[in-house]
Amino acid sequence: MRIDIISAVPDLMTSFFGHSILKRAITNKLVEVNLINLRDYSTNKQKQIDDYAFGGGAGMVLSIEPIAACIADLKSKRTYDEVIYMSPDGELLSQKLCNQYSLLKNIIILCGHYKGVDERVRQHLITKEISIGDYVLSGGEIPAAAFCDGVIRLLPGVLNDETSALSDSFQDNLLAPPVYTRPAEFNGWTIPEILLSGHSANIDKWRHEQSVERTKLRRPDLLK
Ligand code: SAH
């Protein structure tokens with residue numbers, strides 16, 4: 001899978017992709033992530049990429065020209081399955097959406113900034129809009145990073161234990177069961193006996209019951 005992320009401040013994401021699971025996925029060539037600086041596509045002497053909003057009002061708007069030039073450049077080199085714009089009014093990101101997108105080959109992600117992007121970008125160049133929740137952040141970089149993380153960890157070979165992602169919350173509409181690690185006792189706080197039994201079938205059964213209990217308690221809507 002190849003992900004091209006267009007941003008006004010790509011450096012915000014460098015560290016994110018440079019550590020832990022995502023770094024390993026990139027190093028092992030399970031995914032290719034390119035951070036593209038929108039300013040590189042400005043034809044303006046000051047490398048300007050934004051302008052005042054027509055009709056007035058506070059806040060700058062990312063201009064269509066550099067964005068269109070950047071997307072055209074990428075599209076001239078390969079075919080893309082989707083051109084995504086991170087936006088608070090897009091479809092709410094979910095595990096289902098991550099599962100779907102993990103099957104794609106090439107995607108472009110556009111991060112907005114300031115007041116957002118010129119609406120014509122959304123009308124003519126974007127094929128999908130995704131939100132990470134009903135709140136507004138300053139830029140699309142954290143939303144893009146969250147989306148990429150959710151997708152990349154599902155790619156075959158990224159997680160050490162191939163089945164690990166399947167036992168996470170929201171797969172099968174269940175929340176994950178509680179997990180514990182050593183020491184078995186801390187401050188007099190113990191762990192459920194069953195986990196020390198070595199009986200894997202019983203442990204699986206217990207985990208499933210815990211998942212169902214937790215889902216009933218915290219997210220009964222998922223069980224409907
Ligand atoms: N004026 C816009 C918000 C702009 S915030 C509005 O009210 O809808 C600046 C940029 O941050 C957006 O263009 C978008 O790319 C990103 N962004 C902010 N909050 C987001 C969210 N919840 N989900 C996805 N992207 C978001």
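Numbering of ligands and ligand atoms starts at 1, following listing order.
In this structure, of Pro88, Gly133, Gly116, Gly112, the residue bringing a heavy atom nearest to atom 8 (O) of ligand 1 is Pro88.
Under 4.0 Å is where a charged nitrogen must lie from a carboxylate oxygen, and between Arg122 and Asp89 at least one such pair does.
Here the heavy atom of the protein found nearest to atom 12 (C) of ligand 1 is Tyr85 OH, 3.8 Å. Summary of contacts: the protein heavy atom closest to atom 5 (S) of ligand 1 is Leu137 O, 3.2 Å. Tyr135 O, 2.8 Å is the protein heavy atom nearest to atom 22 (N) of ligand 1. In terms of protein heavy atoms, atom 11 (O) of ligand 1 is closest to Gly139 C, 3.1 Å. For atom 24 (C) of ligand 1, the closest heavy atom belonging to the protein is Ser87 N, 3.4 Å. The closest protein non-hydrogen atom to atom 15 (O) of ligand 1 is Met86 O, 2.6 Å. Protein heavy atom in closest approach to atom 2 (C) of ligand 1: Lys115 O, 3.6 Å. Among all non-hydrogen protein atoms, the one lying nearest atom 23 (N) of ligand 1 is Ile132 N, 3.1 Å.
When all heavy atoms are compared, the tightest approach of Ile194 to Ile203 is O-CG1, 3.5 Å.
Below 4.0 Å from some heavy atom of Val136 lie the following atoms of ligand 1, by number and element: 3 (C), 5 (S), 19 (N). Below 4.0 Å from some heavy atom of Ser131 lie the following atoms of ligand 1, by number and element: 22 (N), 23 (N), 24 (C). Counting the atoms of ligand 1 from 1 in the order shown, those under 4.0 Å from a heavy atom of Gly140 are 11 (O), 15 (O), 16 (C). Against a heavy-atom cut-off of under 4.0 Å, Ser138 is close to the following atoms of ligand 1: 9 (C), 11 (O).
The OG atom of Ser63 sits 6.5 Å away from atom CD of Gln48, with the distance rounded to the nearest 0.5 Å. Expressed to the nearest 0.5 Å, how far CG of Leu12 lies from CG of Leu35 amounts to 10.0 Å.
Between Cys111 and ligand 1, no N or O atom pair is found at a separation short of 3.5 Å. Considering backbone and side-chain atoms alike, Ile130 places every N or O at 3.5 Å or more from each N or O of ligand 1. Residue-to-ligand polar distances keep Tyr114 apart from ligand 1: every N/O pair is separated by 3.5 Å or more.
In summary, of the residues considered (Asp81, Ile108, Asn34), a side-chain contact (heavy atoms from CB on, under 4.5 Å) with Arg2 occurs for Asn34 alone. Of the candidates Leu62, Asp51, Ile49, Val61, Tyr114 forms a side-chain contact (heavy atoms from CB on, under 4.5 Å) with just one, namely Leu62. With respect to Val83, the side-chain contact (heavy atoms from CB on, under 4.5 Å) criterion is satisfied by exactly one of Ile107, Ile109, Leu125, Ile71: Ile71.
In this structure, Thr127 contributes its side chain and Glu82 its backbone to no donor-acceptor pair below 3.5 Å. Side-chain N or O atoms of Ser42 include none that pairs as donor or acceptor with a backbone N or O of Arg39 at under 3.5 Å.
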Exercise for the section: Test side-chain hydrogen bond (donor to acceptor under 3.5 Å, both in side chains) on Glu65 and Asn44 and set out the steps. Expected result: CA-CA 10 Å; Glu65 293 109 319; Asn44 188 293; over 6 Å; no
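The closest approach between any non-hydrogen atom of Asp89 and ligand 1 is not below 4.0 Å.
Of the heavy atoms in Val117, none comes closer than 4.0 Å to ligand 1.
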